[in-house]
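Along the sequence shown, residues carry numbers from 1. First listed ligand is number 1; within each ligand, the first listed atom is number 1.
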Amino acid sequence: MRCRILVLCALICLFVILTEARQRKVSSRSGSRSLAARNGNRIHRSNVRQRSGNRLSARSSRSARSPRSKNLKKRGLNAGKKNRRRRNLAKKKEGRRKRNAANRKSKAKSSSSSGASFATLPLDFQQNFVRTTDDLRSEKVFLASRYGFSFAKTSGSARLRNRANMEYTCKLSIGTPKQKFTILPDTGSSNLWVTGPHCRSKACQKHKRYRPKKSSTYIKDGEKFGILYGSGSVAGVLANDTVSIAGLTVTNQTFAMTTKEPGSVFTTASFDGILGMGYTSISVDGVTPLVQNMCAQDVISSCRFAICMKGGGSSSRGGAIFFGNSSTSAYSGSHSYTYTPVTKKGYWQFELQALYVGGTKVSGAVQAIVDSGTSLMTAPTAIYKKINKILGCKETSSGECWMKCSSDVPDVTLVIGGKKLVLMGKKIMVRVQTSKGKTICVSVFIEVPDEPLILGDAFIRHYCTIFDFTNNRLGFAATTYKT
Ligand SMILES: *[C@@H]1O[C@H](CO)[C@@H](O)[C@H](O)[C@H]1NC(C)=O
Ligand SMILES: *[C@@H]1O[C@H](CO)[C@@H](O)[C@H](O)[C@H]1NC(C)=O
Ligand SMILES: *[C@@H]1O[C@H](CO)[C@@H](O)[C@H](O)[C@H]1NC(C)=O
């Protein structure tokens with residue numbers, strides 16, 4: 001009996017030992033598995049992060065739960081049940097084992113490629129690199145200089161006409177055969193428009209109209225167009241046609257034919273349309289502007305233009321507009337350009353580092369734009385008031401400041417790109433005629449609250465300006481002529 005009990009005891013002991021040993025084996029295997037998961041299972045880790053993130057998002061936005069966060073929440077619930085249900089755990093383990101196996105396989109792959117048989121050298125490549133037309137263009141320029149030949153015409157200039165130091169215009173033609181227009185080059189907007197064939201506004205009746213039926217290259221578009229300027233607005237429809245300026249031709253240029261030019265703003269204007277020369281981001285209807293198309297179509301080899309304006313009142317020689325890499329030395333002599341980066345690609349905006357009137361600093365670093373479509377200069381209220389205090393002029397309710405024409409005005413200094421650009425005091429005062437025929441003098445600075453400082457023609461007249469799309473920068477060189 002005792003013997004039988006002993007044998008039974010021994011059998012039970014053996015069974016217990018065997019079972020324990022088996023369990024130990026299983027647990028040690030699963031231990032190594034979880035290590036592997038910790039080492040290299042990215043999917044698993046990101047799941048954990050998502051789960052904890054989900055808790056946050058569920059709390060913060062319970063009312064508007066996205067389908068994705070609902071899904072995550074479900075996953076979270078499953079995780080809770082997992083602790084209670086062993087069957088579930090087994091399923092999960094199975095899934096994880098499969099994932100880990102796949103993971104180990106991919107790990108093995110990567111380790112063999114970086115193994116001893118070869119040395120892998122990391123290539124220094126730029127992510128999201130796209131070969132741009134700029135690259136092609138600079139390659140062309142390189143080839144041209146190395147082998148001494150030229151690719152077609154790559155630059156050109158058009159003469160500006162100055163009307164009363166207030167409007168600078170130039171010639172532009174649209175269509176085949178060419179229909180000629182007078183347009184205002186405007187760096188403060190980005191759309192091209194001319195008077196349309198069916199516009200009945202008074203302003204339209206006074207200007208040259210584009211006739212689509214007379215152009216063999218006209219392509220109908222029909223999309224509606226509307227633009228609001230500081231001084232007025234126009235409405236119209238879009239069309240495509242060939243556009244030429246400064247001897248350079250762009251095909252398929254989208255522009256607007258006006259249907260309405262309300263009010264009196266454009267009635268007395270000396271131009272039939274406006275040529276916007278800013279960045280595409282401020283272009284109405286997302287239309288690609290003319291200069292950008294010149295660059296895209298390789299019409300100019302250097303994606304930039306320059307404007308030099310002459311003063312001295314009305315003149316057919318009011319300066320010039322240069323496209324591509326043509327020299328402005330006829331206006332800037334040997335003066336070199338001072339460059340500053342564009343800070344916001346919409347208008348031609350940059351940081352004016354400081355502004356002085358006489359020896360007094362009226363502003364530290366402030367955003368400014370160069371706008372050939374504005375005749376004077378504007379300043380936000382605080383700066384405007386400081387300037388006027390030094391000039392000793394009298395502010396009007398319409399945001400101008402009147403002064404005696406005999407006033408002695410100090411020089412104004414703009415600090416741009418670390419250089420001092422000076423505007424002579426007598427250029428800060430402009431003579432204007434009142435509606436009663438009296439001549440008065442006003443400061444070139446006009447109040448425009450909550451906007452960057454605007455440097456208009458009153459500035460460009462003294463500094464030829466390069467608008468460089470390739471390097472996204474502005475360049476300024478003093479003009480050599482007396483104005
Ligand atoms: C007009 O020209 C642009 C390119 O400047 C092109 O994308 C667009 O499709 C053209 N529109 C029509 C109606 O051909
Ligand atoms: C203008 O663009 C449209 C659409 O991209 C194209 O079908 C048409 O051939 C182009 N016309 C010219 C003259 O380039
Ligand atoms: C532009 O022309 C000048 C000479 O006028 C030259 O020195 C410069 O390298 C040219 N730049 C480009 C980008 O072609």
Legend entry - Tyr463 and Thr338, any side-chain heavy atoms less than 4.5 Å apart: no
Does ligand 1 have any N/O pairs with the protein under 3.5 Å, and how far apart?
unit_1: ligand 1; atom_1: 2 (O); unit_2: Asn240; atom_2: ND2; d: 2.3
unit_1: ligand 1; atom_1: 2 (O); unit_2: Asn252; atom_2: O; d: 3.2
unit_1: ligand 1; atom_1: 5 (O); unit_2: Asn252; atom_2: O; d: 2.7
unit_1: ligand 1; atom_1: 11 (N); unit_2: Asn240; atom_2: ND2; d: 3.0

Legend entry - Option from Phe467, Tyr337, Trp348, Phe459 for which ring pair (Phe, Tyr, Trp, His ring centres under 6.0 Å) with Phe476 holds: Phe459
Legend entry - Reference residue Thr182; test side-chain contact (heavy atoms from CB on, under 4.5 Å); the match among Lys208, Arg161, Lys171: Lys171
Inset, instruction - Answer whether the closest heavy-atom distance between the side chains of Ile227 and Ile274 falls below 4.5 Å. - result: no
Legend entry - Geometric class of the Phe469/Phe305 ring pair [parallel <30°, tilted 30-60°, perpendicular >60°]: tilted
Listed pairs under 3.5 Å, donor-acceptor, residues 363-372 side chains, sequence neighbours left out:
unit_1: Gln367; atom_1: OE1; unit_2: Thr343; atom_2: OG1; d: 2.6
unit_1: Gln367; atom_1: OE1; unit_2: Gln349; atom_2: NE2; d: 3.0
unit_1: Asp371; atom_1: OD1; unit_2: Gly188; atom_2: N; d: 3.3
unit_1: Asp371; atom_1: OD1; unit_2: Gly373; atom_2: N; d: 2.8
unit_1: Asp371; atom_1: OD2; unit_2: Thr374; atom_2: OG1; d: 2.7
unit_1: Ser372; atom_1: OG; unit_2: Pro185; atom_2: O; d: 2.7
unit_1: Ser372; atom_1: OG; unit_2: Thr187; atom_2: N; d: 3.0

